[in-house]
Amino acid sequence: MMDSYRPKWLNEVPTPSYVVEEQRLIHNLDILKGVQDRTGCHILLAQKAFSMFHFYPLISKYLKGTTASGLFEAKLAHEEFPGENHIFSPAYQDKDFSEILAICDHIVFNSINQLKKFAPLAKAAGRSYGLRINPEHSTQPEEHAIYDPCFGDSRLGTKLSELEQALNEDPADEFLYGISGLHFHTLCEQGAEPLAETLAAVENRFGKYFDKLEWLNFGGGHHISRDGYNIDLLENCIKNIQKKYRLKVYIEPGEAVALDAGFLVTTVLDIIEATEQNGRKSAIAILDTSAACHMPDVLEMPYRPPLMNSGEANEKAYTYTLAGPTCLAGDTIGIYSFDKPLAVGERLIFGDMAIYSMVKNNTFNGMPLPTICAVDSTGKVELVREFGYEDFKMRL
Ligand SMILES: *Cc1c(COP(=O)(O)O)cnc(C)c1O
């Protein structure tokens, strides 16, 4: 992503603000629609990464539908996104299920227990339903276990042994309580090569049942809109499965839809002058945005978000630790350097802040939530949502 960027809208938005640019979304959506058009697969927006429904009408012109992690996301899609409405949850609740049946086209179950329990209702409602599987093939390093549904004791997905035991016990002549598809999701910010490898593992274990199915869902975690992603390999994976088994293929990326499409704009509130620490000199700038509250993945993943017009620590003349205004000692965003000293009142722009940001933020310490802004293709800024004290109080 570009790291020097001074957008025209920089001084038109309040801070802190998430600012999503329509043109950047369209850039990603064009790439995804290309895959969809050339292969015939259906691409779904995974709303958990990006639920800024202001853009759902736009996204729905490119992608076939959405997927939800539960009733609320499914409702949001039902209200705002014209398209297919898919849902997966590790465990559905009785009280939600009739509403889910009313609005979801595809329902994916996580376990045989859940499948047995809800399949009769899903069938009676004429819904297409399937089972999430665990291919037991990890393509992520051990440090990523928290993002790896194939790690040791993962609760996500049914293993082949469990599926076969259920097949032995299911006396009906239909296949496995009437499922019409299988779903796997094992990747996180990965290329097409780990997908190809995973698909081989899936085929190896579960391929013998594919002729009983109508669809296969490859999940999310595909970084399709990232520079250098091997789109040809992705398309070959999709086309092979579709042709060999006559299955409809779904993929449900979240990140790839809004990768690098948004920013978090913040103002410098105070500067604490440089002190010598472990032989390194670095001043601290306190911002009106917090890692803990407004970009929790920075601490959770953890990672150092890109910052426009800055360098690595000590790469440029003036180095600062950028930190939030909360009580958390570790509420630091990262160490960055600048050509000129930072000044109180100056604005800074973090990159790649559309995804897993506004869907995960919180009001710890009574921190205000950032305003949500959209920039349309003509450069016009719209304040989509502003938050205040009531948004803090109403949740407590
Ligand atoms: C998280 C998730 C996605 C989207 O993942 P991205 O990494 O944002 O592409 C899709 N499907 C399921 C089941 C998920 O849990």
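Atoms within each ligand, like the ligands themselves, are counted from 1 in listed order.
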Exercise for the section: Check the pair Phe53 / Val384 against side chain to side chain contact (heavy atoms under 4.5 Å, CB included), numbers first and verdict last. Expected result: CA-CA 10 Å; Phe53 59 89; Val384 174; over 6 Å; no

Problem - Nearest heavy atoms of Tyr177 and Tyr129, plus distance in Å - result: O-OH, 2.6 Å

Practice task
For ligand 1, find out whether one of its N or O atoms is nearer than 3.5 Å to an N or O atom of Glu252.
Solution key: yes

Fill in the blank from the handout: Of all protein heavy atoms, the one nearest atom 15 (O) of ligand 1 is Lys48 NZ, 2.6 Å

Handout entry: Lys243 atom NZ, neighbour heavy-atom count above 12 within 6.0 Å
Key = no

Problem - For Pro253, the ligand 1 atoms whose distance to one of its heavy atoms is below 4.0 Å - result: 9 (O)

Handout entry: Distance in Å, Glu252 CD paired with Phe88 CZ, rounded so as to fall on 0.5 Å steps
Key = 9.0 Å

Handout entry: Identity and distance of the protein heavy atom lying nearest atom 8 (O) of ligand 1
Key = Tyr356 OH, 2.7 Å

Practice task
Answer with yes or no whether Gly221 contacts ligand 1, where contact means a heavy atom under 4.0 Å from a ligand atom.
Solution key: yes

Problem - Separation of Ile238 CD1 from Ile251 CD1 (nearest 0.5 Å) - result: 5.0 Å

Handout entry: Cys188 heavy atom under 4.0 Å from ligand 1
Key = no

Problem - Ala49, any N or O under 3.5 Å of ligand 1 N or O - result: no

Practice task
Anything under 30° is parallel, anything over 60° is perpendicular, the rest tilted; go ahead and classify Trp215 against His106.
Solution key: tilted

Practice task
With heavy atoms of Gly254 as the reference, note each atom of ligand 1 found under 4.0 Å away.
Solution key: 4 (C), 6 (P), 8 (O), 9 (O)

Exercise for the section: Please determine if Lys380 and Glu22 form a salt bridge, counting it only when a charged side-chain N lies under 4.0 Å from a carboxylate O. Expected result: no

Handout entry: Arg132-ligand 1 polar pair, N/O distance under 3.5 Å
Key = no

Problem - Shortest protein contact, atom 4 (C) of ligand 1 (heavy atom only) - result: Ala46 CB, 3.5 Å

